[in-house]
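Below: one structure, written as structure tokens.
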Amino acid sequence: MNRLSSLLLSMLAAMPLLTAHAGVHAAERPPVESFFRHPDVGFVKLSPSGRYVALLNRLDGGQQALVVRETVDLKKVTTVTTFDSARLQALGWVNDNRLTFTLKNVKIEFEGNYDQFAVDRDGTHLTHLISGNWLHQQESLGTLIKDRVLKADHIFMGVTHDGSDDIIVGKLSWNNIDPQPQALHPYRLNTRTRILSDMVKGPQPEHVRHWLFDASDQPRVAIARGKGRCIAYYRADVAGPWSEISNRDCYQDEAFQPLMFDNRNTLYVRAGYKGRTALFAFDLDKKTLDKTPFVDIDGFDFQGTLEQDYGAKKILGVHFEADAASTAWLDPTMQAIQKRVDALLPGTINHVTCAQDCRTPAAVVVSSTSDRTPPTYYLYTPADGRIVGLGSSHPDIQPKQMGTRDFFHYAARDGLQIPVYVTMPPDKAAGPRAAIVLVHGGPYVRGGSWEWDEEAQFLASRGYVVLQPEFRGSTGFGAAHFRAGWQQWGRAMQDDLADAAAWAVKQGWADPKRIGIMGASYGGYATLMGLVRDPDVFRAGVEWAGVTDIELLFTAVESDASEDARRYDMKTLIGDALTNPAAFADVSPLAQAGRIRQPLLMAHGAQDRRVPVVHAAKMHDAVKAKNANVEYVVYPEEGHGWRHEDDSIDFWKRVEAFLDKNLAH
């Protein structure tokens with residue numbers, strides 16, 4: 001078996017740092033819309049044969065259009081359909097003649113609410129497969145039987161790879177307590193007849209949240225979760241019994257995450273190794289991992305996907321993420337294509353994907369990006385070596401107006417090394433600048449990568465040094481780093497943010513009298529706690545969708561958190577606010593609101609169920625009682641974040657004005 005460990009390490013060591021620098025006058029900085037308008041191009045997908053490419057295009061009037069081009073002649077374009085009040089969420093080829101796509105109705109904001117459609121590539125035979133409108137559930141059963149549109153308790157799971165008109169959908173089921181579903185059952189759905197076929201018959205595991213399919217589209221691994229346990233089941237064939245291959249505490253035990261089968265019936269899993277996670281082959285008969293990882297990246301958890309040729313049913317390579325994204329190809333054809341593409345597009349990270357059969361690809365899609373360049377899409381044809389642009393997600397962005405972005409580590413006050421991304425303004429400066437600590441949400445996720453980040457680049461274009469710490473509790477940097485953040489909201493996790501500011505001052509980048517803090521969700525919580533705990537460090541704050549009271553996370557009736565999550569996940573990661581809420585008073589911003597005297601901008605979605613708007617309303621009233629310099633906006637049609645383009649642009653214009661007033665000078 002080929003091993004990628006040494007290959008990946010040598011690739012990382014040789015990866016160039018792109019540090020080109022160009023000044024730009026403040027008057028030339030691009031407008032807010034250039035960053036936060038919905039993308040002009042996206043969802044670029046090749047048909048199984050590679051003869052067609054489908055993509056999302058933005059029309060002059062702001063509409064989204066789903067178009068199909070012929071790869072041998074990109075001038076041959078078909079507009080398949082357009083959308084007004086919905087956003088495209090997913091796009092896939094069912095076969096070479098038929099597409100399926102998922103839409104989100106942004107006028108009705110709640111989790112779910114996804115409509116699924118299928119359509120021929122010439123725009124005909126449009127079929128509504130799943131209705132995302134929960135109000136549809138109130139219609140008579142007879143109507144539902146007549147039109148056979150599936151209800152909103154179904155979701156799209158993926159396409160099939162056998163040339164049929166079928167896709168894979170899942171039927172959700174609930175208990176009588178939680179708003180979130182507790183199980184998912186897979187079916188094949190014919191996109192023309194709407195006929196459902198059960199993919200898992202007979203006895204099966206309970207509380208399955210995820211299914212893993214083999215290269216023949218058969219469900220072979222079921223992943224269940226409940227009472228703090230993560231359990232993986234496997235069956236040797238489509239009619240065989242299910243056997244348990246892993247049963248672990250979701251957090252306390254080493255990770256074990258099945259990812260993919262290859263044609264030899266080998267299962268590839270993400271599993272613990274030397275204090276981090278690596279990619280392993282797993283022997284399904286012996287129920288053991290290989291002794292040597294298939295992919296291991298020093299200093300980083302394995303986070304990535306495997307590229308598979310469904311024609312040959314073999315693994316071609318691995319897309320992975322270290323400080324930046326990259327790909328290691330096993331297949332010599334794809335290795336050669338990657339080399340040619342990189343020569344044609346120097347100085348960027350070029351993510352190459354092929355069609356279903358990649359042995360002799362007619363074309364490949366390239367998504368090209370860097371720290372200063374938003375995703376730009378190309379079509380490369382190996383036969384003639386031509387590369388043709390399909391468009392940029394944000395075409396108004398000019399790289400010379402963007403700042404450089406680099407990856408560092410700094411020492412927290414207890415000695416823990418904290419990864420951090422730093423984005424510098426594009427123009428030169430004689431001394432330290434105003435700076436912003438931009439805190440990611442989650443918090444138990446990886447916050448960023450080296451590639452394009454519109455929020456960081458927007459702030460840098462306005463003259464701010466932007467610090468994005470991967471504070472303790474963030475994932476992607478090993479188990480010890482993750483565990484160090486458990487039950488540290490407002491404590492050591494918060495110290496890491498103040499320490500990032502101090503480190504930037506020591507580097508000579510940041511003016512200690514002009515440092516702000518901002519973020520969404522957990523980042524909003526950390527912003528508020530930063531103003532509470534470190535008023536001498538942070539001069540101003542911007543928070544949106546932020547948690548203001550830890551107890552409310554556990555008790556708010558509007559919350560979408562499940563009872564299982566409250567009892568197990570949140571208890572492990574945050575603490576037990578149900579039995580001992582008083583223990584969280586000193587780390588809940590609402591209880592400390594009177595200590596916030598710095599300028600503050602707050603924003604929230606009225607329909608937010610992850611962090612209900614009661615968090616913001618109570619916090620605003622409490623801060624306003626002693627601090628007149630607090631701005632507050634509620635967006636009526638938004639949930640946990642901004643889906644509407646006009647709201648997003650409005651919010652970032654407010655951010656720009658607020659920072660200009662309170663931090664820039």
We want to know whether Ser368 and Thr348 form a side-chain donor-acceptor pair, criterion being a heavy-atom distance below 3.5 angstrom. yes
Is the backbone N or O of Asp496 less than 3.5 Å from a side-chain atom of Tyr410, with the two atoms forming a donor-acceptor pair by type? yes
Return yes if some donor-acceptor pair links the side-chain N/O of Asp499 with the main-chain N/O of Ala412 below 3.5 Å, else return no. no
Heavy-atom pair of closest approach, residues Ser449 and Ala324: OG-CA, 3.5 Å
Salt bridge present between Arg567 and Asp576 (N-O < 4.0 angstrom): no
Any pair with a residue in residues 589-606 that passes salt bridge (Lys or Arg N to Asp or Glu O under 4.0 Å), sequence neighbours left out, goes on the list, sorted by first then second residue, please. none
What's the separation between atom CZ in Arg372 and atom CD in Gln401, rounded to the nearest 0.5 Å? 10.0 Å
Are His351 and His319 near enough that their ring centres are under 6.0 Å apart? yes
Is Arg610 reaching over with its side chain to a backbone N or O of His640, donor-acceptor style, under 3.5 angstrom? no
Would you say the side chain of Pro469 lies within less than 4.5 Å of the side chain of Val437, judging by non-hydrogen atoms? yes
Strictly below 4.0 Å, N to O, side chains only: are Asp249 and Lys227 in salt-bridge contact? no
Using only atom types and a distance under 3.5 Å, with no angle test, would you say the side chain of Arg514 pairs donor to acceptor with the backbone of Ala664? yes
Is the closest basic N to carboxylate O distance between Arg413 and Asp495 below 4.0 Å? yes
Any donor-acceptor N or O pair under 3.5 Å, side chains Thr475, Arg446: no
Going by distance alone, is a donor N or O of one side chain under 3.5 Å from an acceptor N or O of the other, for Asp84 and Gln63? yes
For Phe651, give me all partners under ring-ring contact (aromatic ring centres under 6.0 Å, His included), at least two apart in sequence or on another chain. Trp544, Trp642
Under 3.5 Å, side chain of Thr277 to main-chain N/O of Phe302, donor-acceptor pair present? yes
Once you round to the nearest 0.5 Å, how far does NZ of Lys618 lie from CG of Asp621? 10.0 Å
One thing to verify: whether Arg539 and Asp534 come together as a salt bridge, which I'm taking to mean a side-chain N less than 4.0 angstrom from a carboxylate O. no
Taking Arg533's backbone N and O only, do any of them form a donor-acceptor pair with Gln494's side chain (distance below 3.5 Å, no angle check)? no
So, using side chain to side chain donor-acceptor pair (under 3.5 Å) as the criterion, who are the partners of Asp40 when residues are at least two apart? Arg37
Taking all atoms of both residues into account, what is the closest heavy-atom pair of His481 and Phe477, and its distance? CB-O, 3.7 Å
Evaluate the side-chain proximity of Val547 to Asp549: yes if any heavy-atom separation is below 4.5 Å, no if none is. no
So, Glu470 side chain and Gly476 main chain: donor-acceptor pair closer than 3.5 Å or not? no
Is the ring centre of Tyr444 less than 6.0 Å from the ring centre of Trp486? no
Check: Tyr522 ring centroid to Phe471 ring centroid under 6.0 Å: yes
Between Trp509 and Trp503, what is the ring plane arrangement, given parallel below 30°, perpendicular above 60°, and tilted in between? perpendicular
Side chain to side chain donor-acceptor pair (under 3.5 Å) partners of Asp414, counting only residues at least two apart: Arg472
Option from His604, Gln607, His644 for which side chain to side chain contact (heavy atoms under 4.5 Å, CB included) with Glu638 holds: His644
So, using side chain to side chain donor-acceptor pair (under 3.5 Å) as the criterion, who are the partners of Lys626 when residues are at least two apart? none
Least distance between heavy atoms, Tyr421 atom then Ala322 atom: OH-O, 4.2 Å
Which heavy-atom pair separates Thr369 from Thr373 by the least distance, and what is that distance? OG1-O, 2.7 Å
Do Leu467 and Phe408 have side-chain heavy atoms sitting under 4.5 Å apart? no
Considering non-hydrogen atoms only, spot the tightest contact between Ile574 and Phe584 and give its length. O-CE2, 3.5 Å
In chain order, what residues pass the side-chain contact (heavy atoms from CB on, under 4.5 Å) check against Pro512, with sequence neighbours excluded? Val505
Residues Glu543, Leu601; criterion side chain to side chain contact (heavy atoms under 4.5 Å, CB included); working and verdict: CA-CA 6 Å; Glu543 73 86 14; Leu601 171 60; over 6 Å; no
Around atom NZ of Lys624, are there more than 12 heavy atoms of other residues, nucleotides or ligands at under 6.0 Å? yes
Would you please say whether a donor-acceptor pair under 3.5 Å links the side chains of Gln468 and Arg405? yes
Report yes if the side chains of His409 and Pro419 come closer than 4.5 Å at any heavy-atom pair, otherwise no. yes
Can the ring centres of Trp652 and Phe458 be said to be less than 6.0 Å apart? yes
Beyond-backbone contact of Lys104 with Arg643, side-chain heavy atoms, under 4.5 angstrom: yes
Are the side chains of Leu659 and Val542 in touch, meaning some heavy atoms are under 4.5 Å apart? yes
Without swapping roles, check the side chain of Thr548 against the backbone of His615 for a donor-acceptor pair under 3.5 Å. yes
Pairs flagged by side-chain hydrogen bond (donor to acceptor under 3.5 Å, both in side chains) wherever residues 655-665 is involved - sequence neighbours left out: Arg29-Glu656, Arg462-Glu656
4.5 Å side-chain heavy-atom contact, Pro374 and Glu454: no
Applying ring-ring contact (aromatic ring centres under 6.0 Å, His included), can you list everything that pairs with Phe658, at least two apart in sequence or on another chain? none
Arg654: partners by side chain to side chain donor-acceptor pair (under 3.5 Å), with sequence neighbours left out: Asp650
Do NZ/NE/NH1/NH2 and the carboxylate oxygens of Asp298 and Lys274 come within less than 4.0 Å? no
What do the steps show when you test Trp174 against Gln180 for side chain to side chain contact (heavy atoms under 4.5 Å, CB included), and what is the final call? CA-CA 7 Å; Trp174 283 260; Gln180 294 288 355; 5.5 Å; no
His394: ring-ring contact (aromatic ring centres under 6.0 Å, His included) partners, not counting sequence neighbours: none
Closest heavy-atom contact between Met424 and Val465? SD-CG1, 3.9 Å
Report the residues that fulfil side-chain contact (heavy atoms from CB on, under 4.5 Å) with His38, sequence neighbours left out, ordered by chain and then residue number. Arg58, Arg87, Glu645
Donor-acceptor pair, side chain of Tyr632 and main chain of Leu600, under 3.5 angstrom: no
Answer whether the closest heavy-atom distance between the side chains of Glu551 and Ser588 falls below 4.5 Å. no
Between the main-chain N or O of Ala585 and the side-chain N or O of Gln592, is there a donor-acceptor pair closer than 3.5 Å? yes
Gln598: partners by side-chain contact (heavy atoms from CB on, under 4.5 Å), with sequence neighbours left out: Leu531, Pro535, Ile596
